[in-house]
Number of protein chains: 2
Amino acid sequence: MLEKLSASKSEILDAAAWCFMTLGCDTASIDDIARHLGSTKGRIYHHFPSKGALLSAVQLRAARFTYQAVAPVADASESPDVCLHRMSETHVMEVLRTLPYHKVVLQSYASVTPKSPTEMEQDLLIQLRKEQRCYAQLFLRVIEAGMVQGCFKPQDDARVSMASVLTLLNAPLFWYQIRPDQSESFDRMVIDQLADMAVASLR
Amino acid sequence: MLEKLSASKSEILDAAAWCFMTLGCDTASIDDIARHLGSTKGRIYHHFPSKGALLSAVQLRAARFTYQAVAPVADASESPDVCLHRMSETHVMEVLRTLPYHKVVLQSYASVTPKSPTEMEQDLLIQLRKEQRCYAQLFLRVIEAGMVQGCFKPQDDARVSMASVLTLLNAPLFWYQIRPDQSESFDRMVIDQLADMAVASLR
DNA sequence: TCACAAACAGACTAGCGAGTATGTTTTTCA
DNA sequence: TGAAAAACATACTCGCTAGTCTGTTTGTGA
């Protein structure tokens, strides 16, 4: 779960996430990423066996960013609505901090069927789905607890509620722009408003 | 706004939307779409000048599907929360009905920068953004009205609320699967639940 | 300091896919 | 009914990119 990655590898992932975000996962070429690094493809293919593996590594890292941030604040002994509110704040905060990674995940969420996936790339995809499910469970548990305890309105399918809430919390991926004038107050406003909406949507 | 399109052109758009959805906008080739139609690229290039134009046409049609469905029920003389609830129901219903088109929009929402856009493709993109903004205005107006009248909680930026609500209503794009056993009741459940959540998230 | 491996650079190939150019069929209409 | 245009089919080109192969540099440990 926590394989440490070298500085060079991490740098490559950052560049890949950035290029995938701005150009699109398929449009961005390995040469684009290498150029953005100020080096050549030799460096990339030395660390990653294929483009698909590189893409999966970016997505995997995105999932782990949010998991490592949110898991510590998912305290089951607390009131579910309070707990969900802090989880939501933390999630949005982390998404804004590591935006390129999550925009890549967003892109590849739509088209689920790669054309000719390698055996190993298939395994990476399975691993990715597993960790994503694991992360979603954090939210599902607190939402179900809230429905049982009565602070959330009971629904036919709590998984629909969970998925919808997570989508709501990821809404900034569609319109948030990284600007030079990183207005701290704007971020704070977005975080608060989305967390409020997430909790309110379940009442 | 309402250019009638021939039966053949419409059929091509359906096939393109399907292939773009299942294979991805960039992965799906013109030959893939032609094969799915039981014909060859000649037919497609006779109706559309380029792949980018075809993609834009799909996205434009998606925007018009929802607009034509929702605009009639956006009654400003009504209570904003009631109005938003019916708009939300209608939106989700239409999205589920024309799912492939909207999944294509979802995909191309992430990567905003095509590599070398033609002059004409640029114009199509501008036209598309304009109609999308126009559709979003329908929701923005009723949300702002609700905040003024007091049935919605006032926020710093109503546009953030609007964008988040629309994202929430599009949540099925991430997990809804077209199945042979189109359970009508499941659709109804999803529609109701999402519309409820959308209105509740603003209180 | 020397061997050896890791970490790259640079040139090359092979295949895929967008777009084109031209032929063929079908429809339309005068 | 005949000619012209629309609606396709087929064969081809050409650029781009993933992946490879072979050199070259930089650390690293004995």
Side-chain angles (χ1 to χ4, degrees), chain A residues 3-16 18-20 22-58 104 107-108 111 113-122 124-125, chain B residues 3-16 18-20 22-58 104 107-108 111 113-122 124-125:
Chain A
E3 45 176 333
K4 56 175 182 180
L5 46 147
S6 68
S8 179
K9 223 171 174 178
S10 175
E11 199 184 353
I12 291 175
L13 283 181
D14 284 344
W18 180 263
C19 290
F20 285 153
T22 55
L23 298 173
C25 293
D26 298 274
T27 312
S29 69
I30 299 290
D31 289 303
D32 287 331
I33 301 171
R35 198 175 312 122
H36 190 262
L37 280 168
S39 54
T40 67
K41 5 165 51 156
R43 179 178 173 189
I44 296 175
Y45 276 101
H46 178 73
H47 290 278
F48 298 93
S50 72
K51 187 183 180 181
L54 179 59
L55 179 60
S56 294
V58 170
V104 172
Q107 285 185 51
S108 35
S111 64
T113 320
K115 222 160 192 180
S116 60
T118 317
E119 177 110 16
M120 179 217 40
E121 289 176 3
Q122 198 72 27
L124 282 174
L125 256 295
Chain B
E3 46 176 332
K4 56 175 181 182
L5 46 148
S6 68
S8 178
K9 223 169 174 181
S10 175
E11 199 183 352
I12 292 175
L13 283 181
D14 284 344
W18 180 262
C19 289
F20 285 153
T22 55
L23 298 173
C25 294
D26 298 274
T27 312
S29 69
I30 299 289
D31 289 303
D32 287 330
I33 301 171
R35 199 175 312 122
H36 190 262
L37 280 169
S39 56
T40 66
K41 2 163 54 158
R43 179 177 172 190
I44 296 176
Y45 276 101
H46 177 73
H47 290 279
F48 298 92
S50 73
K51 186 182 180 181
L54 179 59
L55 179 60
S56 294
V58 170
V104 172
Q107 284 185 53
S108 37
S111 64
T113 322
K115 223 160 191 180
S116 60
T118 318
E119 176 111 14
M120 178 216 43
E121 289 176 2
Q122 199 72 27
L124 281 174
L125 256 296

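Only this structure's heavy atoms are used, side chains among them; waters, hydrogens and symmetry mates stay out. Chain letters run A, B, ... following the sequence lines, proteins first, then strands; residues in each count from 1. Computed from a predicted model, the values in this text were never measured in an experiment.
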(message) Tell me if a side-chain donor or acceptor on Ser50(A) pairs with a main-chain N or O of Ala53(A) at a distance below 3.5 Å.
(response)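 Yes: the side chain of Ser50(A) pairs with the backbone of Ala53(A).
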(request) Could you tell me whether a side-chain N or O of Thr118(B) sits under 3.5 Å from a main-chain N or O of Glu121(B), the two making a donor and an acceptor? (result) no
For a quick test of reading the model: is some side-chain N or O of [X] closer than 4.0 Å to OP1 or OP2 of [N]?
X        : N      : value
His46(A) : dC8(C) : no
His47(A) : dC8(C) : yes
Ser8(A)  : dC8(C) : yes

Nearest whole Å is fine: how far is [N] [atom2] from [X] [atom1]?
X         : N       : atom1 : atom2 : answer
Ile12(A)  : dA7(C)  : CD1   : P     : 10 Å
Asp32(A)  : dA18(D) : CG    : C1'   : 12 Å
Ile33(A)  : dT17(D) : CD1   : C1'   : 12 Å
Arg43(A)  : dA18(D) : CZ    : P     : 18 Å
Leu54(B)  : dG17(C) : CG    : P     : 16 Å
Asp26(A)  : dA18(C) : CG    : P     : 12 Å
Ile30(A)  : dC8(C)  : CD1   : P     : 15 Å
Glu121(A) : dA18(D) : CD    : C1'   : 11 Å

(request) Starting from the 5' end of DNA chain D, give me the residue, Lys41(B) or Asp31(A), whose nearest nucleotide shows up first. (result) Lys41(B)
May I ask you to test the [X]-[Y] pair for a side-chain heavy-atom distance under 4.5 Å?
X        : Y        : answer
Thr27(B) : Asp32(B) : no
Lys41(B) : Ser29(B) : no
Ser8(A)  : Arg43(A) : yes

(request) Under 4.0 Å between any heavy atoms, over every strand shown, what does Thr40(B) touch: base, sugar-phosphate, or nothing? Just pick one. (result)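 Result for Thr40(B) = base.
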(message) By the 4.0 Å heavy-atom rule, please label Ala28(A) as base, sugar-phosphate, or nothing.
(response)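 Sugar-phosphate: the residue Ala28(A), judged by heavy atoms under 4.0 Å, touches backbone atoms but no base.
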(request) Tell me which nucleotide among dG19(C), dG19(D), dT17(D) gets nearest to the side chain of Tyr45(A). (result) dG19(D)
(message) Closest approach to the side chain of Ser39(B), judged atom by atom: which nucleotide of dG19(C), dC8(C), dA9(D) is it?
(response) dA9(D)
